[in-house]
S.K.: 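Sharing a structure with you now.
Order of the sequence lines fixes the chain letters, A, B, ..., with proteins taken first and strands second; residue numbering starts at 1 for each chain.
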There are 2 protein chains.
Amino acid sequence: MREDTRSRIQEIALKLFTEQGYEATSLREIAEELGVTKAALYYHFKTKEDIVASLADMRVADVEELLTWVRSQPKTPETRKELVLRYAAKLTNPRYLEVARFMERNQTAMRDHPKIHRMREVMLELTDELNDPGDPLAVRISRSMALFTLHAGKWMSQDEKLTDEEINEAAIEVALRLMEP
Amino acid sequence: MREDTRSRIQEIALKLFTEQGYEATSLREIAEELGVTKAALYYHFKTKEDIVASLADMRVADVEELLTWVRSQPKTPETRKELVLRYAAKLTNPRYLEVARFMERNQTAMRDHPKIHRMREVMLELTDELNDPGDPLAVRISRSMALFTLHAGKWMSQDEKLTDEEINEAAIEVALRLMEP
DNA sequence: GTCTATAGCGAGATAGAC
DNA sequence: GTCTATCTCGCTATAGAC
């Protein structure tokens, strides 16, 4: 029982965009790997950018939810720690992690894409919630690295002979250490 | 007394490639900003890729020098710390930092470019020198973030009302903390 | 060293048959 | 829902005059 075509396009596009870059990946390549012609793609997505938008949608709602939550909480060290943990929980969804990597690797190419632009904005606001403007610069740099370290820690560990659980815990450990004063 | 045309092409290309992305920046745009036609660019660089190669050259030699140095040293905590400090010293050259940012933002687009490929390779080897294979994963993740944190810490602080010296010290502080056990 | 003109290509996108 | 055929566009790169 195979997935529907729309999902397979997203899956293949995400893979190729991440490996080769967004601009370097043509619709012809995606179609070829899917086993159809590129004209068929246009039945499922109006444009190439629409494919990206559908990928971004996998993340945006999650992060906006976190942002809403954190803003309803008191700005305490405990809230910050909890935010890192909740973000890490979202990241246990492999699709989320893959989309994050795609965005990270194609930052500039995606510069004018509204959905991606919104995503960056939300991530910046989330990072802001981890920081007090009055803190020393070193503290702010350290805290601003926390969420990215969750991503990067997992990316770099993916081919280790370790369980997802172990990788997850290690990434969280480093991220939380970056949050300490 | 203005710079020669070749340097100005590099300068403009570096700026546009970083802001808009490599593929999204056409030679026409570069030429326009320079005030010539794109045909003129081909007198100074054989291809678009050659411009990138000339940019990469600004970094590769520096990093290879560091790699040679660190491999001539005993693998001690002191050597590692000194490597971070020496890398930070290279980063005080604004051009180096800009080229690092260009590469970071255009990773996938530059995937098949030999010079950029070599650069990534050397950076990975440099990061390897900061790690013992036997260390726990959390320690290895932490140490692997150190050099990148020097870049990112500076990028994110560039519009703060602080001196380069203060930014530099803060970034080093965070990077060294990531090196501690 | 810079210009005009253009070759040559592959991209995204569309029309209309099946 | 997928196909063939085609349009249009902008890009890299080159030829050759000045």
S.K.: Is the closest basic N to carboxylate O distance between E98(A) and K15(A) below 4.0 Å?
M.R.: no
S.K.: Map Y43(A) and A39(A) onto DNA chain D by nearest heavy atom, then report which one ends up closer to the 5' terminus.
M.R.: Y43(A)
S.K.: Could you tell me the separation between the NZ atom of K38(A) and the P atom of dA15(C), rounded to a whole number of Å?
M.R.: 15 Å
S.K.: Look at the side chain of S157(B) and the backbone N and O of G153(B), then say whether any donor-acceptor pair between them is shorter than 3.5 Å.
M.R.: yes
S.K.: What I want to find out is whether E173(B) reaches R177(B) closely enough, with some N-O distance under 4.0 Å, to be called a salt bridge.
M.R.: no
S.K.: Verify whether the ring centers belonging to H113(A) and Y22(A) lie closer than 6.0 Å.
M.R.: no
S.K.: Specify the residues of residues 25-33 of chain A, ordered by number, for which at least one heavy atom lies under 4.0 angstrom from an atom of DNA chain C.
M.R.: T25(A), S26(A), L27(A), R28(A)
S.K.: With a 3.5 Å distance limit and no angle check, can you tell me whether E29(B) reaches the backbone of S26(B) through a side-chain donor-acceptor pair?
M.R.: yes
S.K.: Rounded to whole Å, please give me the gap between NZ in K48(A) and P in dG10(C).
M.R.: 15 Å
S.K.: For the pair E129(B) and R80(B), find out whether any cationic side-chain nitrogen is under 4.0 Å from an anionic carboxylate oxygen.
M.R.: no
S.K.: Just by modelled atom types, is the T18(B) backbone N or O under 3.5 Å from a matching donor or acceptor in the T108(A) side chain?
M.R.: no
S.K.: Nucleotide range of DNA chain D contacted by chain B, 5' to 3', under 4.0 Å to a heavy atom?
M.R.: dC11(D) to dT14(D)
S.K.: Decide yes or no on salt bridge (charged side-chain N to carboxylate O under 4.0 Å, His left out) for D135(A) and R143(A), but give the supporting numbers first.
M.R.: CA-CA 10 Å; D135(A) 284 326; R143(A) 294 208 181 131; 3.0 Å; yes
